[in-house]
Colleague: 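Below you'll find the structure I mean.
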Amino acid sequence: MNYIEFMKVLMNKKLKGIYLFECEEDFLKDNIIENIKDELNLVEFNYIKFSTNVEYSDLKSAFETYPIMDEKKYIIIDDLELTKNKLKDYKFLDNLKNDVDDFPDYSILLIFSKSQIFKGAFYKKILKQNNLVEIKRLNDEQLLNFIGKRFVRNGKKISKSLIREIIERFSYLGKDSKLSLYDISNTVDKIIANSTEKKVSEDDVYKQLDKIINMNIFNLMDALSQRDIKKSMDAYFNLLNNNEDIFMIYHMILRQVRNLIAVKSVSKFRHNLSYCLKITKLSKFEYTKLTKFANNFSIDELIKIHSHIFKMDKSMKSEKFNMNIEMELLIGKFA
């Protein structure tokens, strides 16, 4: 089952037995644990967390002991690495697999693995019980809903286009991205805290996003837009040296190119500024800045660069794809 399916079972108070989690998102895992604690009357007695080197005798004593003033007790074992090579380090699993079919009704055991789980005997036992839970990273639609709901729960309204802006700035969706929901939620919370109106504005969003994105990214965007390859490469390597996420850089370049195309397209019709801002969905500051940069390109040149970025996106799943090399080639396209 997935995270949402598990949460429905938890909320309906129908959890039973041992659950094994393959976890890619700590935020969602921690949310499960917090919901469990909220259900208990006596957390100090009925919520037990063991380290990864727990002895089987201690674990068995815990799940065989009745809960106090609660219907269930919850036992957590977190941060395991249940790969084929690491599995032997967790000796308690050899004994625990014999308890899977006859686990006490009053105890729930949750085991979280931070790695992909080896499909050994214990895994197969849990799978047979339908108690295997996969906590995957969110996809595009799920991330959009996650951010939107966080604003709504705090009494704020925000446009979908601004949520998209947050998503693009973070590159959470990029393959091999190391960003987590904690990174996103922390920034969303700052936007909420610093927004004085019920409806979140562009300024509210940009002020916080600009604080968390390394200034080198703006140096890179400016250098690319000026078609200065030396400055672009310098800014790019500075970002890598500062351990910035390469997929964040990729998505920022994609955003810049799309905005340049939008500004280049709309400005040739000589509409008034307010109309141009409405069509491009850009702030006045950003639109004015991009208008100057757009003069450095023809619309055909921008479309060719955009096509190259699109081809990169399609090729990313290939084993032969080298993101570092492809990013340097992409920067070269601005020459």
Side-chain angles (χ1 to χ4, degrees), residues 161-162 164-174 177 179 183 187 190-191 201-268 271 273 276-313 323-335:
S161 62
L162 282 178
R164 282 282 171 211
E165 183 70 18
I166 295 169
I167 291 173
E168 286 191 13
R169 287 280 192 116
F170 270 95
S171 75
Y172 171 92
L173 299 170
S177 174
L179 293 170
D183 296 312
T187 297
K190 288 176 183 177
I191 294 170
S201 69
E202 286 185 355
D203 285 343
D204 294 329
V205 172
Y206 287 129
K207 280 177 184 176
Q208 292 306 315
L209 291 181
D210 290 351
K211 286 179 182 178
I212 61 165
I213 305 295
N214 190 306
M215 277 306 296
N216 278 314
I217 194 68
F218 297 107
N219 293 337
L220 174 58
M221 295 305 109
D222 288 354
L224 288 172
S225 301
Q226 292 163 352
R227 311 190 78 163
D228 188 324
I229 299 305
K230 183 182 183 304
K231 282 185 179 179
S232 298
M233 284 298 187
D234 287 344
Y236 173 66
F237 287 119
N238 279 335
L239 284 163
L240 295 185
N241 290 335
N242 288 328
N243 296 315
E244 289 290 351
D245 185 80
I246 194 168
F247 291 94
M248 180 275 289
I249 303 170
Y250 166 80
H251 283 285
M252 288 294 285
I253 294 175
L254 171 59
R255 178 184 180 276
Q256 184 81 346
V257 172
R258 284 177 173 171
N259 285 341
L260 284 168
I261 291 172
V263 169
K264 188 83 176 174
S265 299
V266 77
S267 61
K268 68 181 180 181
H271 294 297
L273 181 60
C276 293
L277 296 180
K278 183 179 179 181
I279 293 297
T280 59
K281 297 179 180 178
L282 295 169
S283 67
K284 182 179 179 181
F285 170 80
E286 194 169 14
Y287 180 86
T288 304
K289 188 176 182 180
L290 286 169
T291 302
K292 296 175 184 176
F293 287 148
N295 292 330
N296 297 325
F297 301 86
S298 69
I299 193 70
D300 288 340
E301 287 174 324
L302 289 170
I303 289 172
K304 282 181 182 178
I305 294 171
H306 188 272
S307 297
H308 181 81
I309 296 172
F310 182 71
K311 287 177 183 176
M312 284 177 67
D313 187 62
M323 190 62 174
N324 288 303
I325 293 174
E326 292 297 331
M327 283 294 287
E328 291 180 32
L329 291 173
L330 171 58
I331 291 171
K333 296 287 181 182
F334 285 81

Colleague: Can you check whether I217 reaches L239 side chain to side chain, under 4.5 Å on heavy atoms?
Modeller: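 Yes - at least one pair of side-chain heavy atoms lies under 4.5 Å apart.
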Colleague: Rounded to the nearest 0.5 Å, what separation is found between the CD1 atom of I246 and the CE atom of M248?
Modeller: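 So the CD1 of I246 and the CE of M248 are separated by 10.5 Å.
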Colleague: Please name the pair of heavy atoms, one in S225 and one in F293, separated by the smallest distance, quoted to 0.1 Å.
Modeller: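 Scanning both residues, the minimum pair turns out to be CB-CG, 3.3 Å.
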Colleague: Kindly indicate whether the side chain of D222, heavy atoms from C-beta on, has any atom under 4.5 Å from the side chain of K231.
Modeller: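 D222 does not reach K231 side chain to side chain.
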Colleague: How long is the straight-line distance from CE of M233 back to CD of E328, given to the nearest 0.5 Å?
Modeller: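 Between E328 CD and M233 CE, I get 5.0 Å after rounding to 0.5 Å.
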Colleague: Exactly one of N324, L330, L329 should register a side chain to side chain contact (heavy atoms under 4.5 Å, CB included) with E326. Which one does?
Modeller: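 Between E326 and the candidates, side chain to side chain contact (heavy atoms under 4.5 Å, CB included) is satisfied uniquely by L329.
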Colleague: Go through it in stages, so that I can follow the logic: the residues are Y250 and D313, the test is side-chain contact (heavy atoms from CB on, under 4.5 Å), and I'd like the CA-CA distance, side-chain angles, deciding distance and then a yes or no.
Modeller: CA-CA 10 Å; Y250 166 80; D313 187 62; 3.3 Å; yes
Colleague: When rounded to the nearest 0.5 angstrom, what is the spacing between CG in L282 and NZ in K289?
Modeller: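 It comes to 12.5 Å.
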Colleague: Would you say D204's side chain and S201's backbone share a donor-acceptor pair under 3.5 angstrom?
Modeller: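 Pair found, side chain donor or acceptor close to backbone of S201.
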Colleague: Taking all heavy atoms of I191 and all of I166, pick out the closest pair and write down the distance.
Modeller: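 Shortest heavy-atom separation between I191 and I166 comes out as CD1-CD1, 4.0 Å.
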Colleague: Any chance you could measure I331, atom CD1, to I249, atom CD1, to the nearest 0.5 Å?
Modeller: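 I331 CD1 to I249 CD1: 8.0 Å, rounded to 0.5 Å.
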Colleague: Do the charged groups of E301 and K264 touch, with an N to O distance under 4.0 Å?
Modeller: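 K264 and E301: not salt-bridged.
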Colleague: Within a strict 4.5 Å, meaning less than it, do heavy atoms of the L224 and Y236 side chains meet?
Modeller: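 No - every pair of side-chain heavy atoms lies 4.5 Å or more apart.
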Colleague: Considering all heavy atoms of both residues, which atom of S265 and which atom of I299 are nearest to each other, and what is their separation?
Modeller: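 In this case the closest contact between S265 and I299 is OG-CD1, 3.7 Å.
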Colleague: Are R255 and E165 close enough for a salt bridge, meaning some N to O gap below 4.0 Å?
Modeller: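 Answer for the salt bridge query: yes.
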Colleague: Do the side chains of D300 and K304 get close enough for a salt bridge, i.e. N-O under 4.0 angstrom?
Modeller: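 Looking at D300 and K304, the cut-off is not met.
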Colleague: If you round to the nearest 0.5 Å, how far is CE of M327 from CG of L240?
Modeller: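 With rounding to 0.5 Å, CG (L240) is 7.5 Å from CE (M327).
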Colleague: Taking the side chain as everything from C-beta on, heavy atoms only, tell me whether L290 gets closer than 4.5 Å to Q256.
Modeller: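 The answer is yes; the side chains approach within 4.5 Å.
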Colleague: Is any side-chain heavy atom of Y287 closer than 4.5 Å to a side-chain heavy atom of L273?
Modeller: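 SC-SC contact between Y287 and L273 confirmed.
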Colleague: Taking all heavy atoms of N296 and all of R227, pick out the closest pair and write down the distance.
Modeller: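 Smallest interatomic distance, heavy atoms only, reads O-NH1, 2.9 Å.
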Colleague: Would you give the length of the straight line joining atom NE2 of H306 to atom CG of L254, rounded to the nearest 0.5 angstrom?
Modeller: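 H306 atom NE2 to L254 atom CG measures 5.5 Å (nearest 0.5 Å).
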Colleague: Kindly check if the number of other-residue, nucleotide or ligand heavy atoms within 6.0 Å of CZ (F237) is above 12?
Modeller: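 Counting other residues, nucleotides and ligands, CZ of F237 exceeds 12 neighbours.
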Colleague: Which heavy-atom pair separates I309 from I253 by the least distance, and what is that distance?
Modeller: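 That would be CD1-CG2, 4.2 Å.
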